[in-house]
There are 2 protein chains.
Amino acid sequence: MLKETYRTFFGTLNNNSRLEIIQLLRKNPYNVTQISKVLNMNQTSVSHNLARLKRCGFVTVKNNGKERIYTLNSKTIKPLMKLIDQHMDTYCKKYCC
Amino acid sequence: MLKETYRTFFGTLNNNSRLEIIQLLRKNPYNVTQISKVLNMNQTSVSHNLARLKRCGFVTVKNNGKERIYTLNSKTIKPLMKLIDQHMDTYCKKYCC
DNA sequence: AATTTATATGTTACTTATTACATATGTTAA
DNA sequence: TTAACATATGTAATAAGTAACATATAAATT
């Protein structure tokens, strides 16, 4: 696997706003306005971050009138986040944080 | 899970040097000098980056005389990297890179 | 077709992370 | 006990990423 691909992947995850969006989308799909309201982030920021998440396959998007509904990739990202939670649960209490 | 814990986790992975070290350690444990020679990185950089990897439970270390041998966490990080490779294989060709 | 609502994109000041230098510590052997 | 080897840590210039502004596009409603 290309080094740059990893960087894009982890660079995407290494951001508070995007992590908050991911955590929210773990529960349910939402549109941009909903996300920015729930997370109290401004709309342009949400759009920028969703664009990046989409570019990397973390989320997919579906049009619904003027809304755009974003869904977390349930095939790879959902199980991945679960596995990462497990790692952090076991190791990050002792070592990191 | 705490937001800061995620940041530490992904921040650790979002770095070329550390990713190269991880990729190397997926094959075998190595000491600091070996790592810096194989990857053509200066020793202080390798030590700094190993310190961070250790702090987050990505690697463990074992003393062997004056050497210190670093091993990748095979319980969580090895399978995690595999899962990430799979995601990138499926989605990042189309979307990211 | 003009207005409103929803979302996306371009750009830049600012914040954060990285790298590499100098140097310190720790271990072994002469 | 000092020289040599192995690794770790403090610090700062530089590089990279972020957030927020202004603005553009796109769909629906009047």
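What you see is a predicted model, and the numbers here were worked out from it, not measured in a lab. In what follows, every chain begins at residue 1, and chains take the letters A, B, ... in the order their sequences are listed.
Here the side chains of L80(B) and I77(B) are in contact, with some heavy-atom distance below 4.5 Å.
Here the CG-CD1 distance, from L50(A) to I21(A), works out to 4.5 Å after rounding to the nearest 0.5 Å.
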Atom pairs under 3.5 Å: protein N/O with N/O of nucleotides 14-18 of chain D:
| unit_1 | atom_1 | unit_2 | atom_2 | d |
| --- | --- | --- | --- | --- |
| dT18(D) | OP1 | N14(A) | O | 3.4 |
| dT18(D) | OP1 | N15(A) | ND2 | 3.0 |
| dT18(D) | OP1 | R18(A) | NH2 | 3.2 |
| dT18(D) | OP2 | R18(A) | NH2 | 3.4 |

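Between the side chains of S45(B) and N42(B), no donor N or O sits under 3.5 Å from an acceptor N or O. For the residue pair N31(A) and R68(A), no side-chain donor N or O sits within less than 3.5 Å of a side-chain acceptor on the partner. Between the side chains of Q43(A) and S47(A), at least one donor N or O lies within less than 3.5 Å of an accepting N or O.
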Run K78(B) and N73(B) through side chain to side chain contact (heavy atoms under 4.5 Å, CB included) and show every step you take. CA-CA 7 Å; K78(B) 272 195 184 176; N73(B) 184 332; over 6 Å; no
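Rounded to whole angstrom, the span from the CZ atom of R55(B) across to the P atom of dT9(D) amounts to 11 Å.
V61(A) and I69(A) fall into different hydrophobic clusters, where Ile, Leu, Val, Met, Phe, Trp and Tyr side chains are chained together by heavy-atom contacts under 4.5 Å.
Applying the ring pair (Phe, Tyr, Trp, His ring centres under 6.0 Å) test to Y70(B) and every residue at least two apart in sequence or in another chain returns nothing.
Applying the salt bridge (Lys or Arg N to Asp or Glu O under 4.0 Å) test to pairs two or more places apart or on separate chains, those with a residue in residues 9-34 of chain A are E20(A)-K3(B), R26(A)-D85(A). Here ring-ring contact (aromatic ring centres under 6.0 Å, His included) pairs that include residues 36-58 of chain A, with residues two or more places apart or in two chains, are F9(A)-F58(A), F58(A)-H87(B).
Near DNA chain D, meaning a heavy atom under 4.0 Å away, the residues from residues 29-44 of chain B are N31(B), V32(B), T33(B), Q43(B), T44(B).
Bounding nucleotides for the chain B contact on DNA chain C, 5' to 3', at a heavy-atom distance below 4.0 Å, are dT18(C) to dT28(C).
Residue H48(A) is the one, among N63(A) and H48(A), whose nearest nucleotide of DNA chain D lies closer to the 5' end (criterion: closest heavy atom).
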